[in-house]
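These notes are about the structure you will find just below.
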Amino acid sequence: MMLEGKRILLGVTGGVAAYKAAELARGLQRAGARVQVVMTDAATRFVAPATFQALTGEPVFTDQWDTRIANNMAHIELSRVADAILVAPATADFLAKAAHGLADDLLATLCLARECPLLVAPAMNRQMWLHPATQRNVAQLVADDVVILGPDSGEQACGETGLGRMLEPQDLVDELADFFAPRLLAGRRVLVTAGPTYEPIDPVRGITNLSSGKMGFAIARACRAAGAQVALVAGPAALATPRGVARTDVRTAQQMHDAVMSALDAATHTDVFVAVAAVADWRVANPSERKLKKRGAHDAPKLEFVQNPDILATVARRAGAPWCVGFAAESEDLEANGQAKRAAKGVPLLVANIGHATFGRDDNELLLIDEHGSRRLPRAGKAQLARALVAEIAQRIPSR
Ligand code: CTP
């Protein structure tokens, strides 16, 4: 599990998003963490401490003067045993206090007395978020090594729309997992392709496939969390760019090929290339410059195709090629076909999707095929599989 054995002190401050902190506490626990909740007085107006107590099985602390901890030292004790403090939601008031080192309640005091990292998930009205005072406080917190998670943009409880929504609980769990991820690829440079390609037939029509890009984006994110410098070349995919990843958007296989080659040329050295994109094998030979018109029932257009360059095979053949990972969608004889494809592409590792219809789903099941044979990564979320794959890659790549 992603947060196995971690002790997380979850600070809840007084914003409407406090109700989502209950789901967050559950999510952290499901990921293996032990959760201790501390609430501000204002937070208890939104959610009762009993909710968190029931969910976490731990007493909830709200008060500096709580006598349940020996020596009246709750502010020291609680932060000493934590691996991280996560404040979610973090109000504008809390950010101001933390930025200035105030210590007028238990949570603020804990943040000041801590030795562990502090992560905060701001949640507030968009004007409050954009106010220069809040932005100043956030800049100060960043300078003090506090990790700011979000906020997101969208519909707000007050009816307005804009920046200031707290990240969703699962996103926060994933952010925390990234934060604790071992830096297995520190100092490495990784290039990833993801998503489908789109091959035009005419200005409004084209040929594409059902790849959502989720697996490739998850791999880019996991490589980044493992400390790598990551470039992502993405076909049309409606997904947010993972934090800290340099993304280039393309449409066609030829554009993806060109973007990959320029990324390789621009970097002095790329350690790993992970080809996750579902690249169209063919494109229409002569796409029409005008929209094709219907003429008669027996006059359907006849399309001619030419083959696209094989990006992965081309990269694998380059002089000083990065260590290459290919993906494959095989419907039968997974291992034999996978080995054949691995050899044909000339790559050390091929990852086969097990089963059909993985496109667009949030989970997957993979078979890793290398020169020694195969190894299964059992069904799991794509984020978790991506982390497992990063560990496999890190074990196999040559040291520098
Ligand atoms: N690939 C690529 N460029 C292409 C085609 C594929 O880089 N023009 C990469 C994909 O990103 C993936 C792997 O090669 O890593 C998949 O190879 P491919 O032969 O296309 O596998 P399948 O899609 O499974 O194809 P086939 O129908 O030939 O079995």
Side-chain angles (χ1 to χ4, degrees), residues 190-200 206-220 223 230-237 239 247-264 270 272-285 305-318 321-360 364-370 374 377 382 385-386 389-390 392-393 396:
V190 180
L191 177 62
V192 180
T193 65
T197 62
Y198 177 93
E199 307 298 331
I207 297 171
T208 184
N209 59 67
L210 289 175
S211 167
S212 64
K214 284 178 182 173
M215 194 67 223
F217 275 60
I219 288 169
C223 290
V230 183
L232 170 66
V233 178
L239 295 173
R247 172 177 180 175
T248 306
D249 283 319
V250 297
R251 276 179 101 181
T252 66
Q254 186 64 51
Q255 288 167 356
M256 186 173 276
H257 169 275
D258 297 349
V260 163
M261 299 312 151
S262 0
L264 291 173
T270 299
V272 182
F273 176 56
V274 193
V276 198
V279 185
D281 290 319
W282 302 280
R283 66 175 176 276
V284 177
F305 292 92
V306 285
Q307 198 161 329
N308 277 324
D310 189 318
I311 303 167
L312 176 59
T314 311
V315 172
R317 278 197 305 265
R318 277 171 66 109
W323 200 83
C324 291
V325 183
F327 266 70
E330 299 290 341
S331 41
E332 62 232 25
D333 259 339
L334 222 56
E335 177 145 9
N337 286 335
Q339 280 297 9
K341 184 166 288 180
R342 194 179 76 79
K345 302 249 177 186
V347 301
L349 180 63
L350 190 94
V351 182
N353 292 297
I354 299 179
H356 306 287
T358 61
F359 281 171
N364 205 355
E365 194 177 351
L366 302 175
L367 188 71
L368 307 186
I369 301 167
D370 68 8
S374 70
L377 295 182
K382 287 182 175 173
L385 282 173
L389 184 60
V390 163
E392 299 281 346
I393 292 173
R396 290 171 165 85

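No experiment lies behind these values; they were computed from the predicted model shown. Every number for a ligand or one of its atoms is a count from 1 in the order of the listing.
For R251 (side chain) and T197 (main-chain N/O), no donor-acceptor pair under 3.5 Å exists by modelled atom type. Formation of a donor-acceptor pair under 3.5 Å by the N337 side chain with backbone atoms of E332 is found in this model. No donor-acceptor pair closer than 3.5 Å links the side chain of Q339 to the backbone N or O of I369.
Here the straight-line distance linking atom CG of L389 with atom CG of N364 works out to 11.0 Å at 0.5 Å rounding. Annotation: the span from E330 atom CD to L367 atom CG amounts to 10.5 Å, rounded to 0.5 Å.
Here the closest heavy-atom approach between residue V315 and residue C324 is recorded as CG1-SG, 3.9 Å.
At a 4.0 Å heavy-atom cut-off, the residues surrounding ligand 1 are A275, A277, V279, D281, P309, D310, I311, L312, G326, F327, A329, K341, K345, listed by chain and number.
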